[in-house]
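See structure below.
Worth saying up front: this structure is predicted, and the values here are computed from it rather than measured. Labels below follow one simple rule: chain letters A, B, ... track the order of the sequence lines, proteins then strands, and each chain is numbered from 1.
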Amino acid sequence: MLKRSREKRTKELPALQNAIEGQVVTRLPPEPSGYPHIGHAYAGYINWFYARKYKGHLILRFEDTNPRNVQSEYYEAFKKGYRWMEIDWDEELNVSDDMPYFYDHAKQLLGRGDVYFCACPAEEISENRRKGRVCPHRQSNKENNQQIWDDIIDGKYEEGQIVCRLRIDMSHSNAVMRDPNIFRIIDYSHPIQGDRYRLWPTYDFANALEDYRNQISHVLRSNEFASRGELQAYIRDLFGYPQPVIQEWSRFSLEGSPVSKRKIRPLIESKKISGWDDIRLPTLSGLRRRGIIPEAIREMTREVGLSVAQPIVDWSLLLGINRKLVDAIANRYYCVTEPILVEISDGKQFSAEIPYHPDFSDRGARQITIKDHVHIDGQDAKQLSKGDIFRLKHAFNLQVEKKTAKSIKCVFAGDVLEQAELKIQWVTSDSIPVQLFVPDVLFIKDKFNPKSLQIIEGFGERTLMVLKSGTIVQLERKGFGYVERDGEKVKINLTE
RNA sequence: GCCCUGAUAGUGUAGCCAGGUCAAUCAUCAUGGGCUUUCGCCCCGUGGACCCGGGUUCGAAUCCCGGUCAGGGCACCA
């Protein structure tokens, strides 16, 4: 079939620098503190793509070193999300399992006097760092440090009382390098480690060492970490560890669709949206329920690429790609809204045969029997006036005899198919109620869009009853949608 | 306040490092037509951009300087 010629124009991601086949190791580094969203899918696909392209190794690594953030259900949520994206990994680990490793490295630094304990309040540390000002704690000697470390472990200090800082340079131009905090006390039970630890490494310390420990060859990440790279490299240098290749791109977002918990949680709490899988959300579960397929997200990722500009992608890019991909998948069904009764005065019984897909006759067809009336869409009815001839699609022609606000009386007008005539979808009296959920952008100029979801009551052909939740269909002339069964009720989330 | 990035059609993106072949690529979008028992898909055509100012050069989207705007960082978050 020469219709489907899409493959030839999809873009590829560029070659990776310093990549040797068989020696590329990349990582999926989620923090299990929420649900996976399109940003995770984006970064995940890039890491997966290069690991596979160079026949390398992909590690799923849960960055769970802040017990106050992480929850066990999210570990599973990420695995589910990556699997849905068809991103498979070769190895799975939790950074929190490597606490002895971090402690061992910290002890080495303690012994060398590269760190000190700082008891300044958090705001003061922050202010001093901004101003490049040194605090008195910087002068402490290393013998005391060893003792303080042990005292912290023994619980002689409270959370927030003291932190462990790396002695670098308080006047460094990159403020990240101004004696960063590498360990702090968090008295909170960890979903995997329980109460075993109270002194936890910060992101830069754990990440820098963990990348070495995992023998990561290429760190592929979004550039909100750009200025931390210098510190992470410094930490590895402290131990003489080699540096991975770092490739960064800008964090990307979909227009009007924030991914941050800060913005989404209030909407859920105030019931403006239904939950983390609301079809307006760019979470993976939201996108799935909206009828977006993983390949569309992958193609969009290739299209946007590893750009360092700040992409704010319009939904039309994702939706356009999705529509083209889903066209071949989705079987066609009839559904009408604002139904208008069409009475066929001289109606004889007619059995219509409607193919499931216009391009794939092998998918078969369903038979629907029309007796003396059908319902058509209110919008279509508006276009009809007395004397008009139109066709019930895949059935026969009718001529309008009389039209009222609620119904149209018609007379049979033959079954010869005419090219130019209006062809409209219809349902019979055994149709089922269908709820259509029509999403729109969640935020307009940073404000919640109260019209972001429209719920439309419709009537669909009975055949829809047999579809399972998760099926992607096309309601002809209404759009593609994702079917959800709610007991006997059929709900369809329209993709756009 | 300081530091680091970036700026190409409505949106995203290629080109920039190694200046000419760029009257600037591709996708999406818009629009006209074809195909079609859908307003979908597919096919053909059309439309639309190098942030601003200066400099270097025979020649600048590309190099240099200044500005503007945007994003990120300066967390006991990652």
Side-chain angles (χ1 to χ4, degrees), chain A residues 1-6 9-11 14 29-34 63-66 68-70 95 118 120-123 125-127 129-132 159-165 172-178 180-186 199-200 202-204 206-207 221-231 248 250-255 299-300 302-321 323-328 330 332 334 354-355 357-359 379 391-395 397 417-419 421-425 474-480:
Chain A
M1 200 172 298
L2 50 310
K3 266 186 89 161
R4 316 263 164 208
S5 57
R6 245 190 113 53
R9 29 178 158 95
T10 61
K11 219 159 143 179
E31 182 189 36
S33 62
E63 310 232 307
D64 56 351
T65 50
N66 186 337
R68 217 180 278 283
N69 285 168
V70 305
V95 179
C118 180
C120 295
E123 315 80 65
I125 292 180
S126 171
E127 204 192 330
R129 300 185 80 197
R130 275 170 196 269
K131 295 185 172 160
E159 184 169 334
Q161 235 184 343
I162 199 162
V163 297
C164 178
R165 299 177 70 178
H172 199 287
S173 64
N174 179 359
V176 172
M177 299 295 280
R178 318 233 252 240
N181 180 191
I182 56 169
F183 277 92
R184 78 296 207 196
I185 300 167
I186 302 175
L199 188 54
W200 293 89
T202 59
Y203 166 74
D204 290 299
N207 206 262
R221 64 186 175 198
S222 57
N223 66 4
E224 69 239 52
F225 303 103
S227 49
R228 337 254 0 156
E230 187 174 6
L231 171 58
E248 288 166 342
S250 279
R251 181 178 223 167
F252 113 119
S253 60
L254 280 168
E255 174 75 45
E299 186 169 329
M300 183 202 65
R302 276 179 242 129
E303 207 51 68
V304 175
L306 272 43
S307 154
V308 285
Q310 301 126 22
I312 300 172
V313 174
D314 198 279
W315 275 89
S316 70
L317 180 65
L318 215 209
L319 295 174
I321 290 168
R323 195 194 313 121
K324 290 163 178 37
L325 290 168
V326 124
D327 186 76
R332 272 54 170 174
Y334 292 174
I354 310 173
H357 193 111
D359 300 335
Q379 291 301 316
R391 184 176 184 85
L392 296 179
K393 198 180 170 199
H394 277 112
N397 305 328
L417 182 63
E418 299 287 349
Q419 190 67 258
E421 71 194 347
L422 181 65
K423 298 170 192 81
I424 61 183
Q425 285 69 22
Q474 187 198 74
L475 299 179
E476 284 195 20
R477 298 201 299 141
K478 293 203 182 301
F480 293 99

hbond_proxy [X] side chain to [N] base (donor-acceptor, 3.5 Å cutoff):
X: A/Q310; N: B/rA70; value: yes
X: A/R130; N: B/rC74; value: yes
X: A/E421; N: B/rU37; value: no

For [N], the Watson-Crick or wobble counterpart (both distances under 3.5 Å):
N: B/rG1; result: B/rC74
N: B/rC29; result: B/rG47
N: B/rA7; result: B/rU68

Remember a base hit wins even if backbone is also touched, and classify A/G305 as base, sugar-phosphate or nothing at under 4.0 Å, heavy atoms. nothing

Taking B/rU62 as the reference, what is the distance to B/rG19 when you measure between their C1' atoms (whole Å, please)? 6 Å

State which of [options] makes the closest approach to the side chain of [X].
X: A/K324; options: B/rU38, B/rA78, B/rC42; result: B/rC42
X: A/N66; options: B/rG12, B/rC77, B/rC41; result: B/rC77
X: A/N181; options: B/rA78, B/rC76, B/rU37; result: B/rC76
X: A/E31; options: B/rU38, B/rA78, B/rC76; result: B/rA78
X: A/V308; options: B/rA75, B/rG6, B/rG40; result: B/rG6
X: A/T65; options: B/rA78, B/rU13, B/rC41; result: B/rA78
X: A/Q419; options: B/rU37, B/rC74, B/rG40; result: B/rU37
X: A/E224; options: B/rG40, B/rG72, B/rU37; result: B/rG72
X: A/S316; options: B/rC29, B/rC76, B/rG12; result: B/rC29
X: A/R323; options: B/rU38, B/rC29, B/rC76; result: B/rC29

Report yes if at least one side-chain N or O of [X] is closer than 4.0 Å to OP1 or OP2 of [N]; otherwise report no.
X: A/S250; N: B/rG71; value: no
X: A/R228; N: B/rC74; value: yes
X: A/S227; N: B/rC3; value: no

Quickly work out the A/N207 CG to B/rC77 P distance and round it to whole Å. 15 Å

When A/V176 and A/C120 are each assigned the nearest nucleotide of RNA chain B, the 5'-most assignment goes to A/V176

Could you verify whether a donor N or O on one side chain and an acceptor N or O on the other, from A/T202 and A/D204, lie under 3.5 Å apart? no

